[in-house]
Structures are given as C-alpha cells and as structure tokens.
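Each remark here refers to the structure printed beneath this line.
Values below: every heavy atom of this structure, side chains too, minus hydrogens, waters and symmetry copies. The first residue in the sequence is number 1, and the count goes up from there.
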Amino acid sequence: MTTIYLAGPEVFLPDAMPIMAEKRRMARQFGFEPTGPGSDENQTPVKRTAAEIYARNDDAMRRAEICLANITPFRGVSADPGTVYEIGFMIALGKAVFAYTNHPDDYGLRVRSIWYAGLDIDETSGRPRGPDGIAIENHGMADNLMIDGGVEATGGKVFRAAALPADPARDLTVYFEALQTIAGILASSTPPSSRR
C-alpha cells in the first residue's frame, strides 16, 4: 500500500477524531495507508509536548510516499500554516504532493473580498492594492503561488471545490475526488515525484 501523509487543520476541530477517522477510512478505501496528524487511531489519546508532536509528524512525513494536504482557508484567507510547512517539507523531500480546498474562490479574490473593504489599482504596475498600499497576489490560484506552484512542480495537482459547501471545515467531497484521482494516477503509472 502507498503511504499517504494527510496534512490539514482537522486536528483543531472539536470533533477532530471522527473527521480524521473518516478521512483515514476513505484513504484505505482507495488503497492507501494513511499517516500524519491523528493517525494513531488505535491508541489511547495521550497528551504530547509540542516537540513530541513535531517529531512524530516529521517521522511520518519522511516515511510517507505522497502527501495530500487540505488547504481550505483556516482562521483567515489562507491555508493553515502548519499544513503549508508540511507541504514545503514534503516537496523538499522529493515527494509527490497533492492539495485540495473546499473554497472555490482563488486566493486573490478571497483577499480582496474578505480582507480588504476597499481596493485600488496601482497605476504603474496594474496590480490591485488594499487601502494600506500592500499589493494583492492575483494569479488565479487556490492559495499563495508558492503553494500551488510547489504542488504542481512535484507532478501533483490542487483540487478546488466548484462551490462553497455548507460546512467547508468538514466537507469531504473534494477530498474524495482527490483520492480517486491520485489512485487512478498510481494505477496507471509510477507516482509523480519532484524533479529534485
């Protein structure tokens, strides 16, 4: 079985355990062995230090063959920073990385509609800027260009919801689509990998 590291902020939800258990069940349905945060499902939950949590996740990332990351906006307009770290780390390890988001709007649109009430266009560069003068990334990507670009550089893909679901933090529709596509890729060829 291909080991898949499931990155995402679900661990912070009040109902984290059943959500993560369902994600692992679905991964196994497609022939993957899931690992990552919350993957010790057959053990009694133990309070761990930050260093212990980091070490466990670091080890799981190093052992995993691919990564599937939930980059649905978390506590703001962008992905969870821990998840973004895991994406970058997996890319640096030369692993194939895929990502999905339950938010249909691109990053630039989210910044313009959620973060800034007003918008100016820089006459010199043509770039949109917020009222504070800070430029807004406007590349049509699901999140910051380094996230989307990094995922695609590994041969992976960013999956995006067609419409915002009623419960973006818990909806698994796009996650299912991502698993199905990744399983198809693996069945038809060798897994994509980083060009490093």
- For Gly36 and Asn57, which heavy atoms make the closest approach, and how far apart are they? C-OD1, 4.2 Å

- Which pairs count as ring-ring contact (aromatic ring centres under 6.0 Å, His included) when at least one residue sits in residues 52-76, sequence neighbours excluded? Phe12-Phe74

- Message: Looking at every non-hydrogen atom in both residues, tell me the closest pair between Pro9 and Thr83 and how far apart they are.
- Response: N-OG1, 3.8 Å

- Message: Restricting to non-hydrogen atoms, name the atom on Gly108 and the atom on Ile136 that form the minimum distance, rounded to 0.1 Å.
- Response: O-CG2, 3.9 Å

- Item | Qualifying ring-ring contact (aromatic ring centres under 6.0 Å, His included) pairs with a residue from residues 136-156, counting only residues at least two apart or across chains | none

- Supply the members, apart from Met1, of the Ile/Leu/Val/Met/Phe/Trp/Tyr cluster built from side-chain contacts under 4.5 Å; use none for a lone residue. none

- Message: Can you list everything that forms a side chain to side chain donor-acceptor pair (under 3.5 Å) with Asp105? Sequence neighbours excluded, please.
- Response: none

- Taken in chain and number order and not counting sequence neighbours, the residues that satisfy side chain to side chain donor-acceptor pair (under 3.5 Å) with Asp106 are none

- Message: Please enumerate all residues that pass ring pair (Phe, Tyr, Trp, His ring centres under 6.0 Å) together with Tyr100, with sequence neighbours excluded.
- Response: Tyr175

- Considering all heavy atoms, the nearest Leu172-Met26 contact: CD1-SD, 3.7 Å

- So, do Glu137 and Asn144 sit near enough that their side-chain heavy atoms are less than 4.5 Å apart? yes

- What residues, two or more places apart in sequence or in another chain, satisfy side chain to side chain donor-acceptor pair (under 3.5 Å) together with Thr3? none

- Rounded to the nearest 0.5 angstrom, the CD-CG distance for Glu10 and Asp15 is 10.0 Å

- Give a yes or no answer on whether the side chain of Arg24 reaches the backbone of Pro34 with a donor-acceptor pair at less than 3.5 Å. no

- Query: With distance as the sole criterion, is a donor-acceptor pair present between the side chains of Tyr5 and Glu86 under 3.5 Å?
  - Reply: yes

- What distance do Glu177 atom CD and Ile182 atom CD1 have between them, rounded to the nearest 0.5 Å? 10.0 Å

- Item | Results of side chain to side chain donor-acceptor pair (under 3.5 Å) for Arg62 - residues two or more places apart only | Asp58

- Note on the structure: Excluding Met141, membership of its hydrophobic cluster (Ile, Leu, Val, Met, Phe, Trp, Tyr; side-chain heavy atoms within less than 4.5 Å) reads Leu145, Met146

- Distance, nearest 0.5 Å, that separates NZ of Lys95 from OG1 of Thr154: 12.0 Å

- Atom pair OG1/CG of Thr72 and Asp171 - distance to nearest 0.5 Å: 8.5 Å

- Closest heavy-atom contact between Phe159 and Val174? CB-CG1, 3.6 Å

- List for me each residue that meets side-chain contact (heavy atoms from CB on, under 4.5 Å) alongside Val158, sequence neighbours excluded, and say none if there are none. Ile71, Ala99, Ala142, Asp148, Val151

- Should Lys157 and Glu152 count as an ion pair when the cut-off is N to O under 4.0 Å? no

- Could you tell me which non-hydrogen atom of Ile4 sits nearest to which non-hydrogen atom of Phe32, and how far apart they are? CG2-CB, 3.5 Å

- Message: Side chains of Met20 and Val11, heavy atoms from C-beta outward: is any pair under 4.5 Å?
- Response: yes

- Query: Between atom CZ of Arg28 and atom CG of Leu179, what is the distance when rounded to the nearest 0.5 Å?
  - Reply: 12.0 Å

- Query: Using a side-chain heavy atom cutoff under 4.5 Å and only I, L, V, M, F, W and Y, what cluster partners does Leu164 have?
  - Reply: none

- For Ile19, the rest of its hydrophobic cluster, which grows through side-chain links under 4.5 angstrom: Leu13

- What distance do Leu68 atom CG and Lys23 atom NZ have between them, rounded to the nearest 0.5 Å? 6.5 Å

- Query: Between Leu186 and Thr2, is any pair of side-chain heavy atoms under 4.5 Å apart?
  - Reply: yes

- Message: Hydrophobic cluster membership, with links at side-chain heavy-atom distances under 4.5 Å among I/L/V/M/F/W/Y: are Ile185 and Phe176 in one?
- Response: yes

